[in-house]
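Data block below; observations after.
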Amino acid sequence: MTPFLTLMRREWMQHRIGWLVVMLTPTALALLLSFFDGVLRVDINANEVQLPPLHQAPALIQTGLLVLAVTGTTFALALLSLGFQLPGLARRDQQDGSSEFWCSLPVGHAQSVAAMLTTQILLLPWLAIVVGLAGGFLVAAVGIVVTLGPLAWWAQPWGLLGLSAAALLLRLTLGLLLAAAWLSPAILLTMAASAWLKRWGLPVVVALSLLGTLVIDKRLAEPVVGPALARLSNEAMQALLQMDALRGLKLQDVDGVAALLRGLPLRLLQDLAPLLAHAASPAFLLALAGGALGFVLLVLRRQRGA
């Protein structure tokens with residue numbers, strides 16, 4: 001495990017500045033706005049539930065919404081940054097001339113590729129969730145002190161909020177793992193195409209996807225390519241975002257929010273059952289097989305380029 005962790009540390013050392021900028025920007029901007037009373041105004045009107053502007057909402061509701069908003073924004077920016085980087089990562093060592101150095105180390109090609117994928121696809125988004133949760137609590141604390149005063153901040157049930165945040169982190173961690181597994185064919189095969197075909201890799205993948213959905217599916221008795229791509233994306237979205245524990249939340253009712261927080265850890269654990277049930281399917285095994293094929297192609301390309 002030591003070489004593997006060293007390779008993961010190498011990924012962190014190479015990308016840490018860019019990652020930190022991406023992950024800390026939402027917190028920094030929200031924190032700056034929270035110092036100005038009344039500047040951060042958010043009107044909520046969803047599912048016939050209306051709230052006054054956020055700075056006029058009760059402290060507990062402010063905290064919950066700010067934590068979710070900062071965490072979601074941080075996570076989305078991290079995924080956007082990752083999407084721009086992934087196609088070029090497969091040939092990075094050949095492009096920057098470091099492949100000979102890394103090949104001189106007692107580390108296999110499979111281990112090198114696995115460390116890169118683990119750090120980029122799993123560790124970066126997970127760190128974004130952690131930073132977003134911490135940043136959201138910081139923004140909420142400052143905002144509450146500015147808008148409602150120090151006593152409102154002191155009266156917050158921070159222990160209950162912290163326990164709920166830990167349960168939410170656990171749920172999102174599992175969701176991230178399952179989403180990465182469901183999307184592994186699309187991610188790894190696209191990276192493999194970029195590794196083998198260089199700049200033509202991504203256009204070829206897009207062209208093949210369009211060919212499959214617009215031409216091949218129409219010639220088949222039952223479409224295959226389009227439904228398969230839709231299944232992968234839907235399963236990934238459900239793994240990350242579908243949380244039955246948050247349904248029925250009455251945002252305008254402080255007592256309802258407090259009751260939800262008290263039962264949130266148990267309800268989030270109950271949400272794990274349908275996620276795991278979806279994973280216990282032939283479609284999930286096929287997705288893993290597609291991801292494994294992409295991984296093998298990446299390793300083969302790295303061996304040939306060494």
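Below, each value reflects all heavy atoms present in this structure, side chains not excepted, and no hydrogens, waters or symmetry copies. If you're wondering where the values come from, they're calculated on a predicted model, not measured in any experiment.
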For the CG atom on Leu276, are there more than 12 heavy atoms of other groups (residues, nucleotides or ligands in this structure) within a distance under 6.0 Å? yes

If I take atom OG1 from residue Thr6 and atom CZ from residue Phe4, how far apart are they, to the nearest 0.5 angstrom? 11.0 Å

Nearest heavy-atom pair of Ala78 and Leu124: which atoms, and what distance? O-CD2, 4.3 Å

Scan Leu133, Leu161, Leu168, Leu138 and name whichever one has a side chain to side chain contact (heavy atoms under 4.5 Å, CB included) with Val67. Leu133

Does any non-hydrogen side-chain atom of Met116 lie less than 4.5 Å from one of Met191? yes

How far apart are the C-alpha atoms of Leu174 and Leu170, what are their side-chain angles, what is the distance that settles it, and do they pass the side-chain contact (heavy atoms from CB on, under 4.5 Å) test? CA-CA 6 Å; Leu174 178 62; Leu170 177 62; 6.0 Å; no

Check whether Arg16 reaches the backbone of Met13 with its side chain - one donor and one acceptor, N or O, closer than 3.5 Å. yes

Sequence-distant partners of Trp200, ring pair (Phe, Tyr, Trp, His ring centres under 6.0 Å), two or more places apart: none

Has Leu151 got more than 12 heavy atoms of other residues, nucleotides or ligands less than 6.0 Å from its CG? no

Can Leu172 be reached from Leu163 by stepping across I, L, V, M, F, W or Y side chains whose heavy atoms are under 4.5 Å apart? no

Interatomic spacing from CG in Leu300 to CZ in Phe295 - rounded to 0.5 Å: 10.0 Å

Main-chain N/O of Ala230 paired with Ser233 side-chain donor or acceptor, under 3.5 Å: yes

One should read off an interatomic distance between Leu177 CG and Ile121 CD1, to the nearest 0.5 angstrom, of 12.0 Å

Can you name the ring pair (Phe, Tyr, Trp, His ring centres under 6.0 Å) partners of Phe284, sequence neighbours left out? Trp182

Please report the interatomic distance OG1(Thr213) to CG(Leu208), rounded to the nearest 0.5 Å. 10.5 Å

Closest approach of Val70 to Gly132 (non-hydrogen atoms, all atoms of both residues): CG1-O, 3.6 Å

Consider only side-chain heavy atoms of I, L, V, M, F, W and Y, link residues closer than 4.5 Å, and tell whether Val215 and Val205 are in one cluster. no

Ala140 and Thr63: which non-hydrogen atoms are nearest, and at how many Å? CB-CA, 3.8 Å

Over all heavy atoms of both residues, which pair between Ala179 and Ala239 is shortest? Give the atoms and the distance, please. N-CB, 4.0 Å

Please, which pairs that meet side chain to side chain donor-acceptor pair (under 3.5 Å) have at least one residue in residues 126-141, sequence neighbours excluded? Trp126-Thr173

Run the side-chain contact (heavy atoms from CB on, under 4.5 Å) check on Leu77 and Met23 step by step: do they pass? CA-CA 7 Å; Leu77 286 179; Met23 290 187 289; over 6 Å; no

Check Thr119 against Glu11 and note the closest heavy-atom contact, atom names and distance. CG2-CB, 3.5 Å

Would Leu189 and Trp196 show up in the same hydrophobic cluster when neighbours are defined by side-chain heavy atoms closer than 4.5 Å? yes

Would you indicate whether the side-chain heavy atoms of Glu235 and Ser281 approach each other to under 4.5 Å? no

Hey, are the side chains of Gln85 and Ser81 touching, using non-hydrogen atoms and a 4.5 Å cut-off? yes

If Ile, Leu, Val, Met, Phe, Trp and Tyr residues are connected whenever their side-chain heavy atoms lie under 4.5 Å apart, and connections chain through other members, are Leu188 and Leu79 in the same group? yes

From Leu176 CG over to Leu123 CG, what is the distance, rounded to the nearest 0.5 angstrom? 10.0 Å

Roughly how far, to the nearest 0.5 Å, is the CG atom of Leu240 from the CG atom of Leu178? 9.0 Å

Please answer whether the main-chain N or O of Leu202 pairs with a side-chain N or O of Thr190 as donor and acceptor at a distance below 3.5 Å. no

Transitively linked via ILVMFWY side-chain contacts under 4.5 Å: Val206 with Leu214? yes

Of all heavy-atom pairs between Leu298 and Ala195, which one has the smallest distance, and what is that distance? CD2-CB, 4.1 Å

Contact between Phe137 and Gln156 at the side-chain level, heavy atoms closer than 4.5 Å - yes or no? no

Close side-chain approach of Val225 to Ser209, heavy-atom, < 4.5 Å: no

